[in-house]
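First comes the structure, then the notes that go with it.
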Amino acid sequence: MNQEPSTKKKKAEEEQEVWKWWEEEKKDNGVKWTFLEHKGPVFPPDYERLPKNVKFYYDGKEVELSEEAEEVAGFYAKMLDHDYTTKEIFNKNFFKDWRKVMTDDERALITDLKKCNFKKMHAYFMDAAENNRNRSEEEKKALKEKNEAIVKEYGTCVIDGHKEKIANFRLEPPSLFRGRGEHPKMGKLKRRLNAEDIIINCSKDSKIPEPPPGHKWKEVRHVNTVTWLVSWTENVQNQVRYIILNPSSKLKGEKDWQKYETARRLHKSINKIRNEYQQDWKSKEMKVRQRAVALYFIDKLALRAGNKKNEDQADTVGCCSLRVEHIELHEQKDDKEFVVVFDFFGKDSIRYYNEVPVEKQVFKNLGRFMENKKPGDNLFDRLNTSIMNKHLNELMEGLTVKVFRTYNASFTLQQQLDLLTNEDDSEAEKILAYNRANRAVAILCNHQRSVPKGHEKSMEKLREKIVQKREAIHDAERQVKEAIREANYGGVKEKVVADKKKKLLQRLKDQLAKLEIQETDRDENKTIVLGSSKLNYLDPRIIVAWCKKYDVPIEKIYSKTQRDKFRWAIDMAGPDYRFC
DNA sequence: TCGGAGACTTGACTCGAAGAGG
DNA sequence: CCTCTTCGAGTCAAGTCTCCGA
């Protein structure tokens with residue numbers, strides 16, 4: 001019984017085909033596959049009606065809702081103690097969409113969200129969730145097995161003769177849209193999908209996936225120049241969504257590898273590019289100057305491109321879409337000259353705040369770009385991402401704005417690892433060094449998270465522990481002194497006691513040091529996430545090489561899924577690999 | 001040149017499971 | 001062994017970038 005899970009796990013690992021696609025010849029003629037077969041998507045479970053005793057009240061009176069209205073009401077009820085339901089836009093959008101699915105009678109009756117009482121429904125859902133958490137071991141096991149069966153049947157596909165995992169074979173269930181930041185569409189109903197919404201992509205000569213009984217796919221096509229298996233159009237933002245392959249697949253791995261190779265190519269021309277944009281700060285053409293200053297920010301600060309956005313999306317910006325209101329110029333700030341203060345909301349409405357000393361030339365240019373403009377005007381009014389990328393592609397084939405982010409992130413990691421790693425450190429210290437290097441990248445890329453719930457409380461606890469430890473040390477020190485004094489006068493027994501006390505003191509001191517490291521580490525990581533850069537920006541071969549060179553097991557850095565994703569790098573890179 | 005569609009990458013958040021501490 | 005914290009994987013929203021038609 002004890003052995004079972006681990007042997008099972010091992011078996012699963014063995015079953016996974018180790019196929020060294022990276023040793024095959026590469027070709028890129030736009031064709032992504034020649035054979036593709038899969039089982040199609042897994043639909044979310046059908047809606048189950050609430051028990052009769054779970055009521056909805058309108059204006060104090062019990063109301064029996066139709067099935068559709070009840071389902072959508074349920075989405076709202078589930079979110080009752082969420083911040084979203086306190087937001088006006090969320091409520092407005094929800095109510096509007098909810099009324100759309102009501103029967104005429106319901107629509108006539110229910111005209112004011114404030115008169116709706118979802119409390120019973122809310123309590124029911126909370127209860128159900130609690131019950132789910134408290135499921136018995138047998139129930140959990142049965143559920144797990146059922147799930148594994150679905151994964152086994154739908155979780156993989158066959159592409160060009162190889163079995164590959166699928167990333168997201170389950171369709172998104174209906175829900176209320178949760179846009180990030182101040183999103184104008186938050187609260188809108190994300191519709192339930194039917195087979196009639198779904199486009200299947202697979203080989204002509206493959207076994208075509210079966211739609212659910214009584215249904216038909218919207219379309220079945222056989223396009224081998226794209227990589228998706230299934231697509232549909234999501235109704236809130238009207239965007240196409242896809243079922244795609246897992247990052248461990250050849251298709252994804254090759255793309256990832258390519259990405260880092262492009263970034264490495266950038267290293268060869270980076271000096272030339274930097275010289276050129278510095279020259280362009282003095283260009284007579286305003287467009288060229290703006291481009292040069294923007295590129296400087298992209299290179300130095302790893303800013304995102306900043307595509308144009310619509311009115312019906314959250315107001316966030318990147319480099320090219322910066323507005324006058326997002327920067328402040330200071331001839332002098334603290335003890336620094338020519339400081340630009342950036343303060344704006346970027347991707348996912350994450351705040352970007354940075355005080356950056358810049359070259360005088362850049363500073364003066366920014367002043368000119370801001371002249372006679374209102375706060376809401378574009379800082380780079382002659383520039384957009386398409387102009388920028390066209391220019392970059394002329395400097396180097398395949399160069400785009402995002403390559404700079406990849407390049408600077410991976411470059412920073414390598415440089416920091418060189419700087420922070422000591423040959424004769426312990427494994428734990430080496431891993432700490434890695435984490436520090438990773439953290440430097442995360443800071444560069446502004447990978448933030450909201451402060452975890454209860455962070456302050458857990459910090460408080462930790463500090464409490466530290467205080468206690470200090471007191472214990474104080475106490476122990478006194479005891480040691482005393483014991484030594486006694487030992488000087490006493491015999492062997494007293495000496496043994498004194499030794500024991502000394503050892504205890506040392507242990508306490510070690511524990512304190514550990515706690516203090518933990519304190520700074522946790523506080524530094526309070527708002528910083530390492531995962532995003534690790535997964536998307538750091539050339540895995542740098543890490544693999546570092547592990548091999550310093551004899552750190554790769555498992556200490558990469559989890560199982562990460563090792564699957566980066567198998568090409570683990571296989572490819574020796575201890576001497578250099579990103580640049 | 002502009003806008004929108006389509007394809008693909010990136011990113012924070014959530015929740016259950018694993019792991020550490022008492 | 002139990003509880004509390006940390007971690008990993010999954011989820012789905014939000015970016016980037018290319019292409020195409022008017």
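The sequence lines fix the lettering, A, B, ..., with proteins before strands; numbering per chain opens at 1.
Looking at A/K141 and A/E138, no side-chain N of the basic residue comes within less than 4.0 Å of a carboxylate O on the acidic one, giving no salt bridge. Salt bridge status for A/K250 with A/D160: absent, with no side-chain N to carboxylate O gap under 4.0 Å. We find that A/D315 and A/K309 are not joined by a salt bridge, their nearest charged nitrogen and carboxylate oxygen being 4.0 Å or further apart. Salt-bridge check for A/E427 with A/K430: failed, with every basic side-chain N at 4.0 Å or more from each acidic carboxylate O. Remark: A/E285 does not engage A/R291 in a salt bridge, criterion side-chain N to carboxylate O under 4.0 Å.
Stacking of A/K188 on the aromatic ring of A/F177 is not recorded, the 6.0 Å distance cut-off and the 45° axial limit not both being met.
For the segment residues 217-227 of chain A, residues with any heavy atom less than 4.0 angstrom from an atom of DNA chain B are, sorted by number, A/V226, A/T227. Looking at residues 388-405 of chain A, you'll see A/K402, A/R405 sit with a heavy atom under 4.0 Å from some atom of DNA chain B. For the contact set between residues 132-141 of chain A and DNA chain B, defined by any heavy atom under 4.0 Å, there are no members.
Minimum interatomic distance between A/L189 and A/V236 (heavy atoms only, all atoms of both residues): O-CG2, 3.6 Å. When all heavy atoms of A/V403 and A/G398 are compared, the pair lying nearest together is CG2-O, 3.9 Å. Smallest separation of non-hydrogen atoms from A/P540 and A/F566: CG-CD2, 3.4 Å.
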Legend entry - Worked verdict on A/F169 versus A/H38 for ring-ring contact (aromatic ring centres under 6.0 Å, His included): CA-CA 10 Å; A/F169 54 89; A/H38 59 93; over 10 Å; no
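Interface limits on DNA chain C: the 5'-most and 3'-most nucleotides within less than 4.0 Å of chain A heavy atoms are C/dC4 to C/dT18.
Of the candidates B/dT9, B/dG11, B/dC8, the closest approach to any side-chain atom of A/K347 belongs to B/dG11.
Summarising the local packing, CG of A/N131 is surrounded by more than 12 heavy atoms from other residues, nucleotides or ligands at distances under 6.0 Å.
Just one residue in the list A/K259, A/K252, A/Q258 forms a side chain to side chain donor-acceptor pair (under 3.5 Å) with A/D256, and that residue is A/K259.
Remark: A/S231 is not in phosphate contact with B/dA7, judged by side-chain N or O atoms under 4.0 Å from OP1 or OP2. Distances shown here put every side-chain N or O of A/K144 at or beyond 4.0 Å from the OP1 or OP2 atom of B/dG16.
Residues passing the side chain to side chain contact (heavy atoms under 4.5 Å, CB included) test with A/T561, sequence neighbours excluded: A/S559.
Summary of helix geometry: the two end axes of the helix from B/dT1-C/dA22 to B/dG22-C/dC1, each defined by five base pairs via their C1' atoms, are inclined to each other by 20° (rounded to 10°).
Counting non-hydrogen atoms under 4.0 angstrom, A/D348 reaches the backbone sugars and phosphates but no base.
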